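Just so you know, ligand 1 is whichever comes first in the structure, and atom 1 is the first atom listed for that ligand. Predicted model, so just to flag it, every value in this text is computed and none were measured.
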Amino acid sequence: MLELVEKTMREIVASLDDARVCSLYEGVPSGKRLRAKLILKIASTHPDAVKLAAIVELIHAASLLHDDVIDDALTRRGVDSINARFGNKTAIMLGDILYSKGFFELCALPSSVAQTISNAVALLSLGELQDVELAQRFHHDKATYDQMIYNKTASLIEASAKAAAQLVGKPWEPFATYGRNLGLAFQIVDDILDITQDSQTLGKPALNDFAEGKTTLPYLYMYEALNTEDKAMLLSLFGVVLSPSQAAWIHEKMHTSGALSRSIAHAKRLGKEALDAIGETGVEGLDKVVIQMIEREF
Ligand code: FPP
Ligand code: MG
């Protein structure tokens, strides 16, 4: 089924009838297709399930094209990003094309589905804006972080699960709760992997969030646990390209302060809330998605 989603995405892009756009699109790495997997599991029987999955993945791909421009990111999923290869202007316009072609197709789906997805796109744009503005200075406000990651990441995952349920006429609330908690856990796991994994495994620079000005959950927990002297040391490293000894200091304090284990426990708690929400729905495979997502290495 996932191959069908890939094929539908290519067909939607090809319907623009422009060889340059098709060739640029071939250079966009496909990723985990988490949102598509959820839609296919929840709405598997519906003839528009593949179409909805393709639309959401096109929108997600568009958001990452823009995000890599915003973050000045030179690699994505182990290969040079589109902005690194063809420049920011091309990456932005390719993002706009994927996004608007996705929206064109979305208009043909039931209005409840279209509203769920389009509302989430507004939220994820808001989340990206919040992420950019938060990165201007160090903060240790967990509620602000929670709200930003809900908007930036969880909103589209929540909307994918909700829209899939709406498509097949199932009560959507448990699926939305599942998607929201899965999405929050997904972003926290991402934030943890930035610290625990190497660049090769991640397919993007490791230990990069804090250098980019992103005060993620492990850093919030670490700051809370440090003494005054270490707090000052951590603040001095905010937004800095780290030397090997500074990177080693962060790694050590992440472990000894309990920040990493606390973050992992929080992600697992959210994963459990996701599982609890869909307990009664009888949709197979959604539990495996949560477990794989928590246990992933990149
Ligand atoms: C990745 O965050 C970014 C997102 C999940 C959302 C980006 C959203 C937008 C740019 C706005 C919406 C735009 C369109 C065209 C729909 P990250 O930088 O923390 O993760 P990363 O390490 O994978 O880059
Ligand atoms: Mg980014």
Side-chain angles (χ1 to χ4, degrees), residues 9 13 25 28-35 55-84 88-106 114 116-135 145-160 179-180 182-199 201-219 293 296-298:
M9 290 172 75
V13 174
Y25 177 70
V28 178
S30 47
K32 303 175 193 75
R33 300 293 189 224
L34 171 70
R35 294 150 190 83
I55 291 167
V56 169
E57 289 294 346
L58 282 173
I59 294 170
H60 177 56
S63 79
L64 294 184
L65 286 168
H66 285 192
D67 178 68
D68 282 344
V69 173
I70 291 166
D71 288 344
D72 287 320
L74 300 181
T75 47
R76 164 76 56 191
R77 293 168 183 142
V79 296
D80 292 344
S81 60
I82 295 290
N83 46 306
N88 285 347
K89 294 177 186 178
T90 298
I92 289 171
M93 294 322 300
L94 182 62
D96 285 345
I97 289 167
L98 302 190
Y99 168 70
S100 40
K101 287 302 288 179
F103 256 66
F104 177 77
E105 297 292 335
L106 186 62
T116 296
I117 300 298
S118 54
N119 179 56
V121 178
L123 291 182
L124 81 116
S125 305
L126 171 64
E128 184 79 352
L129 177 65
Q130 291 169 326
D131 198 19
V132 166
E133 299 206 330
L134 280 173
Y145 167 85
D146 284 343
Q147 197 204 32
M148 184 276 288
I149 67 164
Y150 167 69
N151 288 330
K152 183 179 76 164
T153 305
S155 64
L156 190 59
I157 299 176
E158 173 186 50
S160 301
R180 182 170 61 255
L182 175 69
L184 292 170
F186 181 88
Q187 186 57 53
I188 291 168
V189 170
D190 231 48
D191 295 345
I192 293 167
L193 294 176
D194 173 82
I195 296 156
T196 57
Q197 302 298 97
D198 59 29
S199 303
T201 312
L202 289 176
K204 59 186 179 186
L207 216 60
N208 195 43
D209 284 345
F210 208 53
E212 275 186 348
K214 296 185 182 184
T215 312
T216 60
L217 188 65
Y219 288 93
M293 194 283 301
R296 76 199 158 99
E297 291 179 346
F298 57 92

Beyond-backbone contact of Leu134 with Tyr145, side-chain heavy atoms, under 4.5 angstrom: no

Quick one: are Phe210 and Thr215 in side-chain contact, heavy atoms under 4.5 Å? yes

Ligand 1: which residues have a non-hydrogen atom closer than 4.0 Å? Ala62, Ser63, Leu64, His66, Asp67, Asp71, Arg76, Tyr99, Val121, Leu124, Ser125, Glu128, Lys152, Lys204, Lys214

Test side chain to side chain donor-acceptor pair (under 3.5 Å) applied to Tyr150 and Gln130, Glu158, Arg180, the passing residue: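 For Tyr150, the side chain to side chain donor-acceptor pair (under 3.5 Å) check succeeds only for Glu158.
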
So, the side chain of [X] versus the backbone of [Y]: is there a donor-acceptor pair under 3.5 Å, distance only?
X: Asp194; Y: Asp209; result: yes
X: Arg35; Y: Ser160; result: no
X: Arg296; Y: Phe186; result: yes
X: Gln197; Y: Glu297; result: yes

Salt bridge between Arg76 and Asp67, side-chain N to carboxylate O under 4.0 Å?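 Between Asp67 and Arg76 there is a salt bridge, with a charged N closer than 4.0 Å to a carboxylate O.
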
Any luck finding a side-chain donor-acceptor pair between Asn151 and Gln147 under 3.5 Å?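 No donor-acceptor contact under 3.5 Å links the two side chains.
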
Return all protein N, O or S atoms below 2.8 Å from the Mg ion (ligand 2), chain by chain in residue order.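 Near the Mg ion (ligand 2), below 2.8 Å, one finds Asp67 OD2, Asp71 OD2.
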
